[in-house]
Amino acid sequence: MIEPAFFYSALVIMICAFLAILRVLLGPTVPDRVVGVDTLNTLVVAGMVLLGAAYDRTIYIDIAIVYALLSYIGTLIIARYLQGGLE
């Protein structure tokens with residue numbers, strides 16, 4: 001059985017993820033949507049770390065580290081493309 005602290009933390013992360021999805025869908029400009037996707041990726045990493053802590057599995061934390069690195073590189077590539085440097 002999962003402890004209540006992990007459950008409420010996961011609930012907060014899901015609410016924040018819903019708000020980030022709204023920013024991605026309703027963002028008036030492309031940079032707003034990129035920030036929404038980056039925030040969503042950060043929340044996914046936080047959720048994986050929380051899941052790893054809740055079930056005492058280190059594999060989730062290892063996967064979260066790799067996902068965070070790939071997310072960071074993807075955000076940099078998108079930002080560079082929007083700036084006009086990727087040709």
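In what follows, every heavy atom counts, from backbone to side chain, and hydrogens, waters and symmetry copies are set aside.
The side-chain hydrogen bond (donor to acceptor under 3.5 Å, both in side chains) search around Asn41 returns Tyr67, Ser71, not counting sequence neighbours. Annotation: side-chain contact (heavy atoms from CB on, under 4.5 Å) contacts of Ile65 (sequence neighbours excluded): Ile61. Contacts of Ser9 classified as side-chain hydrogen bond (donor to acceptor under 3.5 Å, both in side chains), with partners at least two apart in sequence or in another chain: none. For Ile13, the side-chain contact (heavy atoms from CB on, under 4.5 Å) partners at least two apart in sequence or on another chain are Leu43, Ala46, Leu50. Considering only residues two or more places apart in sequence or on other chains, Thr58 meets the side-chain contact (heavy atoms from CB on, under 4.5 Å) condition with none of them. When the side-chain hydrogen bond (donor to acceptor under 3.5 Å, both in side chains) test is applied to Asp32, the partners found at least two apart in sequence or on another chain are Thr29. Residues satisfying the side-chain contact (heavy atoms from CB on, under 4.5 Å) criterion with Val24, sequence neighbours excluded, are Val37.
Distance alone, capped at 3.5 Å, is enough to place a donor-acceptor pair between the Arg33 side chain and the Gly27 backbone.
Scanning both residues, Gly36 and Ala20, for their nearest heavy atoms gives O-CB, 3.9 Å. Minimum interatomic distance between Pro28 and Arg23 (heavy atoms only, all atoms of both residues): CD-NH1, 3.3 Å.
Through direct or relayed side-chain contacts under 4.5 Å between Ile, Leu, Val, Met, Phe, Trp and Tyr, Leu76 connects to Tyr72.
Expressed to the nearest 0.5 Å, how far CD1 of Ile63 lies from OH of Tyr60 amounts to 7.5 Å.
Taking a 6.0 Å sphere around CZ of Phe6, one finds it holds more than 12 heavy atoms contributed by other residues, nucleotides or ligands.
Using a 4.5 Å cut-off between side-chain heavy atoms of Ile, Leu, Val, Met, Phe, Trp and Tyr, with links allowed through other members, Met48 and Ile59 fall into the same hydrophobic cluster.
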